[in-house]
Amino acid sequence: MIELKNVYKRFGEHVVLDGVDFVVQPGETVALLGPSGVGKSVLLKHINGLIHPDAGEVFVEGMDVRLLKRRELSRLRSQVGYVFQYGALFDSENVFENIRLGITDDEAAKDRAFCERRVVECLGLVNLPPDTAEKYPAELSGGMRKRVGIARAIAGQPMYLLYDEPTSGLDPVNASIIDSLVEKLRDELGVTSVVVTHDVRSAFQIANRIALLHEGKIRAEGNPEQLLAVEDEAVQRFLGRDLDITLAQLKRYRTHGSSL
Amino acid sequence: MPEPETRESWRLTGTYRSPVVTIDVRQIVGRASLMAASHIGRVALLLIEILRGLVEWRIWVPRAFEQAQNVGYGSLFVVMLTAAFAGAVTSLQAGYQFTGSIPIYYAAGVIVESIILELGPVLTALLLAGRIGARYAAELGSMRVTEQIDALESLGRNAVSFLIIPRVVAGTVMLPVLVVVADIVGITAGYLASKSSLGMTHADFVHGANFFFRPLDAWYSMIKSVAFGLAVTVVPCYLGLSTKQGAEGVGRSTTSAVVSASVLILFLDAVLTQLLLQ
């Protein structure tokens, strides 16, 4: 379980997180929605200790992330895959080495044959052909880079996956592929996921639960139906901006599984 | 309400008063001191992290070899070229100064001592500050702004062991090696120049070199080289890791790395000379 309790974070004079409480239950896929620059990625980076809060507590698997020593934090991070907004692939290494670095079991990572099998397996999970392993990040398209980023994040078989804007900057076709991939990984690997996005459609498609971050706080939270029913003007304005759907359409989607 | 004064109104009325700008020297000095203390503190923390990371030798040793090849082999030509010119010019200048009653073999002593004590280590270090200092700051700065360093950390890897220690070890080990090469090339060039231009014999050169040389000189040169090696690697690595604000930030870090490392080399040169040769 992931639990953030009353988390505060400021950069200089700018308060980014102003007492955030946020819980993710095992097996859930939670979408963290909010406009750009509201602090969604900052919140996500608190979960694996890339950023520490100025005040408040962050628990993952019952461990307070702030208090972990380097080795303990490394162990925890090996259980929390992180998919970066722009892939953050190591550009001096090819795809094989990038994914190999994601194999967090040091003994397994030394076994070349195991690594080759695992890299092909991970590429398959993100719908990429095995020969992608030989390519360098500069030779890949934006969508492929994101998928390699996901492959790297799952290579160590993590319990949690944190996605930072997985569909931003992609065309609708590639965005839809990534959305399907998030659902597929949830179903096939059973990982607990937190997806940071400002794409309302994407959030409604992939998440069991959605939280809306607004002015440093979680303004609204619930499943898609509950979120649509929230009467808060700021919430409605944000949802209405990108999402021209009604509850009836949402129910039709849930029933027939068609695209929004 | 009176119209605000602008340069346009001044043109029309001829009554423009410049705004009063006050410079609070104490505030400027205070801010600069705080910033300097903050940088020194963070460099000290990085050094502690480097020392702690040395135990993870399986990670950094193979990468240090790659970096050492880059630093050593990659810098060899430019170091030799610079040393050759420095040696030849020192020889010609010594010949110009040591005329009249001063024995010619004194010039050989000046050439050899200048190369070993000062020109070899300082010129090589300044070259490496430009060559690998800029490279390290730019590489690490780019990795920082594209979140590659965060990605490494998020995979449970220690970025200091993966990225910093190999670079620092490679620079600190290879700089003394390059200084030895620079000394040999510089002295050889000085010897050839003194033979051809000053009419110095081989025996004069060897006598002059031996007359002034002490074993401490070689140790002093090596101690300086190691200190300079740390300066040209740790400072750029620190500035690269601290990069913010995209491409502009990478450019700023790269420039700062070269300038800071060069200034630090000159400062260490003065301090070590005072400590070791007085």
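Chain A is the first sequence line, chain B the second, and so forth, proteins listed ahead of strands; every chain is numbered from 1.
A 4.5 Å side-chain heavy-atom check between Arg152(A) and Leu155(B) finds at least one atom pair inside the cut-off. Annotation: side chain of Gln148(B) is not in contact with side chain of Phe84(A) (no heavy-atom distance under 4.5 Å).
Here the straight-line distance linking atom CD of Glu147(B) with atom OG of Ser41(A) works out to 7.5 Å at 0.5 Å rounding. Rounding to the nearest 0.5 Å places CG of Asp91(A) at 7.5 Å from OG of Ser142(B). We find the CD1-CG distance between Ile51(A) and Asp150(B) to be 7.5 Å, quoted to the nearest 0.5 Å.
No more than 12 heavy-atom neighbours from other residues, nucleotides or ligands sit within 6.0 angstrom of CD on Glu248(B). Heavy-atom contacts from other residues, nucleotides or ligands closer than 6.0 Å to OH of Tyr86(A) number 12 or fewer. Shown here is Glu72(A), whose CD atom has more than 12 heavy atoms of other residues, nucleotides or ligands within 6.0 Å. Phe65(B) CZ: 12 or fewer foreign heavy atoms inside a 6.0 Å radius. Other residues, nucleotides and ligands contribute over 12 non-hydrogen atoms within 6.0 Å of the CE atom of Met222(B). Few gaps surround NZ on Lys184(A); more than 12 heavy atoms of other groups in view lie less than 6.0 Å from it. Atom CZ of Phe85(B) has 12 or fewer neighbouring heavy atoms from other residues, nucleotides or ligands inside a 6.0 Å radius.
For Ile103(A), the part lying under 4.5 angstrom from a heavy atom of chain B is the backbone only. At a 4.5 Å heavy-atom cutoff, the contact between Ser154(B) and chain A is made by backbone and side-chain atoms alike. Proximity to chain B (any heavy atom under 4.5 Å) is restricted, for Val80(A), to the backbone atoms N, CA, C and O. Residue contact with chain A, scored on non-hydrogen atoms closer than 4.5 Å, is absent for Ile149(B). Neither the backbone nor the side chain of Leu76(A) comes within less than 4.5 Å of any heavy atom in chain B.
Closest non-hydrogen pair, Arg70(A) versus Glu49(B), comes out as NH2-OE1, 2.7 Å. Contact detail for Leu101(A) and Arg157(B): the closest heavy-atom pair is O-NH2, 2.9 Å. The two residues Ala151(B) and Ala88(A) have their closest heavy-atom pair at CB-O, 3.7 Å.
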